[in-house]
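See below for the structure under consideration.
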Amino acid sequence: MAEIVRRVKGTRDFYPDQMAIRRWMFDIIRRVSTRFGYQEYDGPCLEFIDLYAAKSGEELVKEQSFVFTSRGGEDLTLRPELTPTLARMVAQKQYDLPLPLRWWSIGPMWRYEKPQRGRTREFFQWNIDLVGAGSVAADAEIVAVAATFLKEAGLSPDQVRIYVNNRRLMDAAFARLEISKDLGKQVFRVVDKLDKLSEPAWRKYALESGLTETQVDALLELLNDNDLWQESEELVEFFKLLAAFGIQDYVQYNPRVIRGLDYYTGTVFEAFELGGQGRAIFGGGRYDNLVADVGGNALSGVGFAMGDVVIELVLTDAGVIPANLGEKPQVLVTVFDEATLPESLKAAVRLREAGLRTVVYPEADKMGKQFKFADKLDIPVAVILGPDEVKAGQAAVKNLKTREQVVAARADLVSEVEKFLPSAL
RNA sequence: GUGCCUGUAGCUCAACGGCAGAGCGCUGCACUGUGGAUGCAGAGGUUGAGGGUUCGAAACCGUCCAGGCACCCCA
């Protein structure tokens, strides 16, 4: 086996079992997105590096992107995120598109990181955005989409929670603590660290970041104030509207959620596992200058992105991924010998015309071997067409789970097979 | 990018510096019109790669590759 060329680091093979899980997750994403009236879009996987230079964090482009020079000498990158592509697509047709836009997408992204559990170099990301609507209702709708996804995937409010905060509220609160504007971004980082460090370590980090002792004390008090949202008209309105969507159990105010990215301007939110690893599942928020950054007019939007890797781990740990996913064959038509092969093929045609997923054993072989094959593929029903059945114009239908077997007239073949099929399939 | 841990059969793992093994899985037979059980037999390895130490290395040492964990950063 040593000579098999290995997989590229950080990429994944999707064998049928894994592919079935991916398909299942993507179907939920599609269902939820389209149910809220969002339309699917996509852009190229290859982009000029310049597209990201405008907006994405320095780190994302310089350290975490797959960059290369094309044969024509162009500096290209495999897209590390979709938002800049979205911004360009909107800017290009800004006056043709009926606002607000409700767009969603799922596709591969690449980041040159060190792979470990929950993090690969090639991953899929669900992006969903409401562009051109600046209202609190728009914020609530996007969060409702996110919560509906969690619900549809089978996760309960006991297992996951979407934490919401507001950048403007926090800016105002920081101003009251007389934290200078220059320190703004750094303070966001300090807040972000709170749950990741021990309190002494966090305090040390906060002081090193330029805060005074009294500011650190006040900040800590602020970040434990779960009623802070009541000072924000926007958040009060937000939670009022959210209740109308009927998913408010999934959503909670949390002053510690702030998001690392610079471009968020209002509502920010992030979903976490409550038990287990406490993993971050997705994050998003409102941005105001998205389209302007790539040369269009200012347009406000709200959206979020979710990677497929972590959510799959969360769903697996929660035990909510159904067994027997995937469209496995339902019927095996056995092949008795060369002479009866055409009859087996004809029977298969009838079964397929009835919409049944039908496999014909590829050659005449011992019945035992053919049943064994069906067993391994978890095919529930076998059809036998030996010389006796062919002569009588019949077919034997065997339930491989119960070993029950009936002889059916050829015209009744499909209905007899369907009787043995589990309704769930 | 940094630190730590781990790489042995398809899978999960054994083997004191001294003959590379087990379970599961796989193939065949018992079983020429009926499977999962059982029994018997068989195939399958350059011990991740290439060096070094040693009479002797899967084991010890350093290098590379790959995976895991923690940082970093984030999805």
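Not measured: the values here are computed from a predicted model. Letters A, B, ... are given to chains in the order of the sequence lines, protein chains preceding strands, and every chain is numbered from 1.
- Per the geometry, CZ belonging to A:F272 stands 13 Å off P belonging to B:C74, to the nearest Å.
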Expected rows: protein N/O vs nucleotides 64-71 of chain B N/O, under 3.5 Å:
residue	atom	partner	partner atom	Å
B:G68	OP2	A:P115	O	3.4
B:C69	OP1	A:R117	NE	3.2
B:C69	OP2	A:R117	N	2.4

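- Between A:E416 and A:K419 there is a salt bridge, since a side-chain N of the basic residue sits under 4.0 Å from a carboxylate O of the acidic one.
- Counting only Watson-Crick and G-U wobble pairs whose two key distances fall under 3.5 Å, RNA chain B forms stems of three or more stacked pairs at B:1-7 with B:65-71, B:10-13 with B:21-24, B:26-30 with B:38-42.
- For the P atoms, the distance linking B:C64 with B:A20 amounts to 30 Å, nearest Å.
- Looking at A:D139 and A:R286, a side-chain N of the basic residue comes within less than 4.0 Å of a carboxylate O on the acidic one, giving a salt bridge.
- Among the heavy atoms of the strands lying under 4.0 Å from A:F282 are primed sugar atoms or P, OP1, OP2 only; no base atom is included.
- What separates CZ of A:R279 from C1' of B:C73 is a distance of 18 Å, to the nearest Å.
- B:A9 and B:G25 have their C1' atoms separated by 11 Å, with the value rounded to a whole Å.
- Contacts of A:T340 with the nucleic acid, taken as non-hydrogen atoms under 4.0 Å apart, are absent.
- Nucleotides B:U6 and B:A58 place their C1' atoms 14 Å apart, quoted to the nearest Å.
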remark   = A correct 5'-to-3' footprint of nucleotides 27-33 of chain B, with B, S and - meaning base, sugar-phosphate only and no protein heavy atom under 4.0 Å, is SSS--SB

